[in-house]
Amino acid sequence: MMQVTSEEILSGKDLTLYYRTRRGIVKAVDQISFKLKQGKTLAIVGESGSGKSSLANAIYRILPKNVEKYEGEVLLDGVDIMKYDEEEYRKKVRWKKISMVFQGAMNSLNPVLSIGFQIAEPLIIHQGMQKDEALKKAAEALKTVGIHPSYINRYPHQLSGGMKQRIVIAMALVLTPHIVILDEPTSALDVITQANIMNLLKRLKKELKLSYIFITHDLALTSELADTVAVMYAGKIVETSSADVFYRNPKHPYSKGLLESVPALKQKKKINFIPGEPPDLVSPPSGCRFHPRCPYAMEICKKEEPENKEIEGGTTISCWLY
Amino acid sequence: MSYLVDVEKLRTWFEVKRGIFSKPYYIRAVDEVSLNLKRGEAIAVVGESGSGKTSLGKTLVRLYKPIGGKIIFNGKDVTNLEGKDLLWYRRQAQIIYQDPFSSLPPFFSIFRILEEPLLIHKIGNERERREMIFEALKNVKLTPVELMASKYPHMLSGGQRQRVAIARALILKPSFIVADEPVSMLDASVRIEILFLLRELQKNYGISFIYITHDLATTRYFSERIAIMYAGKVMEEALSDEIIERPIHPYTQALLRAIPEPDPENRKVIKEIPPGEPPDLVSPPSGCRFHPRCPYAMEICKKEEPQLREISQNHFVACHFAENFLKK
Ligand SMILES: Nc1ncnc2c1ncn2[C@@H]1O[C@H](COP(=O)(O)OP(=O)(O)OP(=O)(O)O)[C@@H](O)[C@H]1O
Ligand SMILES: Nc1ncnc2c1ncn2[C@@H]1O[C@H](COP(=O)(O)OP(=O)(O)O)[C@@H](O)[C@H]1O
Ligand code: SF4
Ligand code: SF4
Ligand SMILES: [Mg+2]
Ligand SMILES: [Mg+2]
């Protein structure tokens with residue numbers, strides 16, 4: 001049993017999501033465990049295809065039709081919400097307790113609907129709110145993200161990329177959730193706009209006492225929000241460390257390799273790369289999934305999968321070196 | 001000094017027609033850009049999305065024809081070349097594109113993809129072409145070469161496809177290569193490896209190289225000089241270390257501040273960042289194009305356009321008040 005402490009607002013245990021495809025079964029989320037503390041940010045980092053968005057979708061229960069397996073435990077305030085049926089999940093959890101900013105959402109705003117209506121629509125449809133009240137909520141949400149409420153009548157094409165991203169964040173905040181899942185919230189934006197959005201997210205976290213799950217492939221950007229960093233590789237979390245430990249003294253060989261490949265601007269550090277490429281999730285390598293690329297791989301790594309274990313400094317790791 | 005590539009006040013504008021009767025308007029993607037490049041030198045062109053980088057790159061290799069300015073290549077004016085002369089230039093100047101998924105024709109084998117430029121330029125007989133293709137594959141470390149040559153693009157990973165694109169650019173032994181965001185679509189752990197490879201080949205063959213990117217953090221490792229573009233213009237240009245350690249232009253300074261470094265202290269601070277976003281290039285701001293966002297803007301900035309000028313040795317800046325920022 002995982003220990004539940006009062007400050008733990010969300011946690012997952014053995015969360016699993018497999019997809020069925022013509023090529024075989026894609027093990028996108030494979031028995032993942034995580035903990036999110038109240039008012040903190042848990043960052044999920046990993047390369048493209050490592051399963052980050054799938055993990056988010058598993059938590060938020062937005063699933064495609066071709067699900068092969070979906071199981072595990074997700075505790076929200078100590079209650080296992082995996083046991084909820086869809087109706088219960090929608091009424092009690094989605095938007096009210098947990099909301100999500102989807103990857104690429106700013107590019108899928110509906111071009112023919114006004115901003116205000118798009119923010120208000122889910123409130124009317126899913127929460128049964130009156131139109132007037134929903135629009136009022138929408139205007140408030142806009143103000144929260146630094147956009148003048150008069151923008152409620154505008155259309156997406158009249159807005160810049162940074163503003164669209166603010167709108168998408170406003171949508172997630174409209175029912176004052178406690179937890180917001182941010183899936184690559186700035187990846188389509190340029191650096192200065194990205195920095196402005198990160199400032200906004202920091203401010204909102206403090207003012208609204210939010211807890212974030214922050215998903216990104218960018219390790220430098222991760223450090224702008226993360227209190228804890230969880231590193232995903234091929235459908236698994238291989239290391240979870242506090243940000244201080246992760247950036248100063250990463251433990252897992254994959255974490256080390258990733259950090260070494262991040263160019264530093266202001267210091268002249270040496271950069272390096274991890275040879276090879278991430279595996280296919282239909283037939284991941286046996287044993288430790290990182291073994292074909294790992295400079296420390298031993299015989300056992302090819303055969304047996306390392307268990308998750310807690311080591312000093314509160315780090316959880318799966319690697320035979322520890 | 002003699003440059004391999006010398007670009008003067010280059011202008012690439014795109015005409016957009018709204019209707020038959022209304023007047024067309026122009027997107028000023030590249031507006032009076034001057035740059036030069038020595039033999040074997042690498043320069044990075046850094047800018048945000050839409051700042052005109054791709055348009056500049058395509059104009060430099062003459063996939064676009066500029067509406068003004070000059071491109072001098074090896075002492076020869078190539079600005080308006082056509083027909084056979086243009087074909088000659090296109091053999092000397094190659095471009096590598098951002099997207100390794102769409103830049104390779106899907107129904108060609110890798111062998112055929114690499115043979116194509118040789119056929120277009122009527123180079124070698126069958127046996128010689130075969131040797132050149134295998135040599136190129138070896139250069140970009142796609143081995144075993146016979147096996148790789150027989151594959152099709154969809155059988156390769158993103159990193160491998162970009163290696164093919166690099167091999168295709170190198171096979172004509174060009175003296176000038178433009179790489180337009182060559183790694184931005186690749187996995188983080190693969191990017192650095194491809195950049196190392198490009199740098200190695202560029203140095204080995206003494207190629208003059210323009211590395212276009214929005215990622216300032218990588219430039220220091222892969223280029224001698226950096227040019228910072230904003231809204232179709234070069235705002236600052238200097239040696240790579242100089243730009244990063246002593247940025248002068250307010251835009252460059254903001255950019256440097258905005259770029260995150262991997263440091264767990266970051267989460268505790270709010271950064272000072274100029275508001276707003278880059279202008280559209282149909283009607284860019286008057287005077288200095290950065291003035292609506294610049295914390296130091298004065299009256300003159302709205303009226304007069306600052307020219308790119310040498311502020312300290314080999315450090316060029318387009319700002320009316322560059323000297324003030326130099327002292328700090
Ligand atoms: N609906 C689906 N059906 C089948 N396979 C899927 C589906 N969605 C995702 N996958 C596969 O699952 C794996 C994980 O994908 P996911 O989108 O979760 O990765 P990610 O880490 O978010 O990547 P990115 O950084 O590119 O967003 C990939 O191999 C992907 O191709
Ligand atoms: N072929 C084209 N026709 C019309 N407009 C274009 C064309 N190519 C680019 N543009 C416009 O020119 C500007 C600069 O674009 P681009 O050179 O692609 O910038 P970057 O590569 O820095 O993102 C943008 O406003 C873009 O929409
Ligand atoms: S378990 Fe073995 S292969 Fe995997 S990361 Fe650790 S040392 Fe490397
Ligand atoms: S010219 Fe004026 S507006 Fe432009 S960067 Fe310099 S101070 Fe700022
Ligand atoms: Mg994703
Ligand atoms: Mg471009």
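Chain letters run A, B, ... following the sequence lines, proteins first, then strands; residues in each count from 1. Only this structure's heavy atoms are used, side chains among them; waters, hydrogens and symmetry mates stay out.
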Trainee: So which residue, B:Thr219, B:Asp263, B:Leu216, ends up with the most heavy-atom pairs under 4.5 Å with chain A?
Mentor: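 The residue among B:Thr219, B:Asp263, B:Leu216 with the greatest pair count is B:Asp263.
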Trainee: Looking at every heavy atom in both B:Arg28 and B:Arg289, which two are closest together, and how far apart are they?
Mentor: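 Residues B:Arg28 and B:Arg289, closest heavy atoms: NH1-NH2, 4.0 Å.
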Trainee: What do you reckon, is CZ of B:Phe321 surrounded by more than 12 foreign heavy atoms closer than 6.0 Å?
Mentor: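 Yes, CZ of B:Phe321 has more than 12 neighbouring heavy atoms, counting only those of other groups under 6.0 Å.
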Trainee: What part of A:Glu260 gets within 4.5 angstrom of chain B, counting heavy atoms only: side chain, backbone, both, or neither?
Mentor: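 Neither part.
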Trainee: Is it the side chain or the backbone of B:Gln160 that comes within 4.5 Å of chain A heavy atoms, both, or neither?
Mentor: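 Both backbone and side chain of B:Gln160 come within 4.5 Å of chain A.
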Trainee: Taking side chain as everything from C-beta outward and backbone as N, CA, C, O, which of these in A:Asp227 sits under 4.5 Å from a heavy atom of chain B? Side chain, backbone, both or neither.
Mentor: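 A:Asp227 touches chain B through backbone and side-chain heavy atoms alike.
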Trainee: Please flag which part of A:Ile271 lies under 4.5 Å from any non-hydrogen atom of chain B: side chain, backbone, both or neither.
Mentor: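 Both backbone and side chain.
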Trainee: Quick check: do A:Lys205 and A:Thr41 have side-chain heavy atoms less than 4.5 Å from each other?
Mentor: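 Yes - at least one pair of side-chain heavy atoms lies under 4.5 Å apart.
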Trainee: Using non-hydrogen atoms and a 4.5 Å limit, figure out which bit of B:Leu256 sits close to chain A: side chain, backbone, both or neither.
Mentor: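 Answer is both: backbone and side chain atoms of B:Leu256 are under 4.5 Å from chain A.
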Trainee: B:Ser51, B:Ser49, B:Ala258: which one forms the most heavy-atom pairs within less than 4.5 Å of chain A?
Mentor: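 Winner by heavy-atom pair count: B:Ala258.
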Trainee: Tell me which one of B:Ile259, B:Asp215, B:Thr218 satisfies side-chain contact (heavy atoms from CB on, under 4.5 Å) with A:Leu265.
Mentor: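 By the side-chain contact (heavy atoms from CB on, under 4.5 Å) criterion, A:Leu265 pairs with just one of B:Ile259, B:Asp215, B:Thr218: B:Ile259.
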Trainee: Check whether A:Lys266 gets within reach of chain B through its side chain, its backbone, both or neither, counting any heavy atom under 4.5 Å.
Mentor: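 For A:Lys266, backbone and side chain are both near chain B.
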Trainee: Closer than 3.5 angstrom, by distance alone: can the side chain of B:Arg225 be matched with the main-chain N or O of B:Ile43 as a donor-acceptor pair?
Mentor: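 Side chain of B:Arg225 to backbone of B:Ile43, a donor-acceptor pair under 3.5 Å: no, none is there.
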Trainee: So which of B:Pro274, B:Gly158, B:Pro275 has the biggest tally of heavy-atom pairs under 4.5 Å with chain A?
Mentor: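 Greatest number of close heavy-atom pairs with chain A: B:Pro274.
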Trainee: Of all of A:Gly49, A:Gly162, A:Ser242, which one pairs up most often with chain B through heavy atoms under 4.5 Å apart?
Mentor: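 Of the candidates given, the most pairs with chain B belong to A:Gly162.
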Trainee: Under 4.5 Å from any heavy atom of chain B, what part of A:Val191 do you find: side chain, backbone, both or neither?
Mentor: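 Both parts, backbone and side chain.
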Trainee: Counting only heavy atoms closer than 4.5 Å, note whether B:Asp280 contacts chain A via side chain, backbone, both or neither.
Mentor: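 Contact with chain A involves no heavy atom of B:Asp280 at all.
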Trainee: Which pair of non-hydrogen atoms, one from A:His217 and one from A:Ser187, has the smallest distance, and what is that distance?
Mentor: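 Taking every non-hydrogen atom into account, CE1-CB, 4.5 Å.
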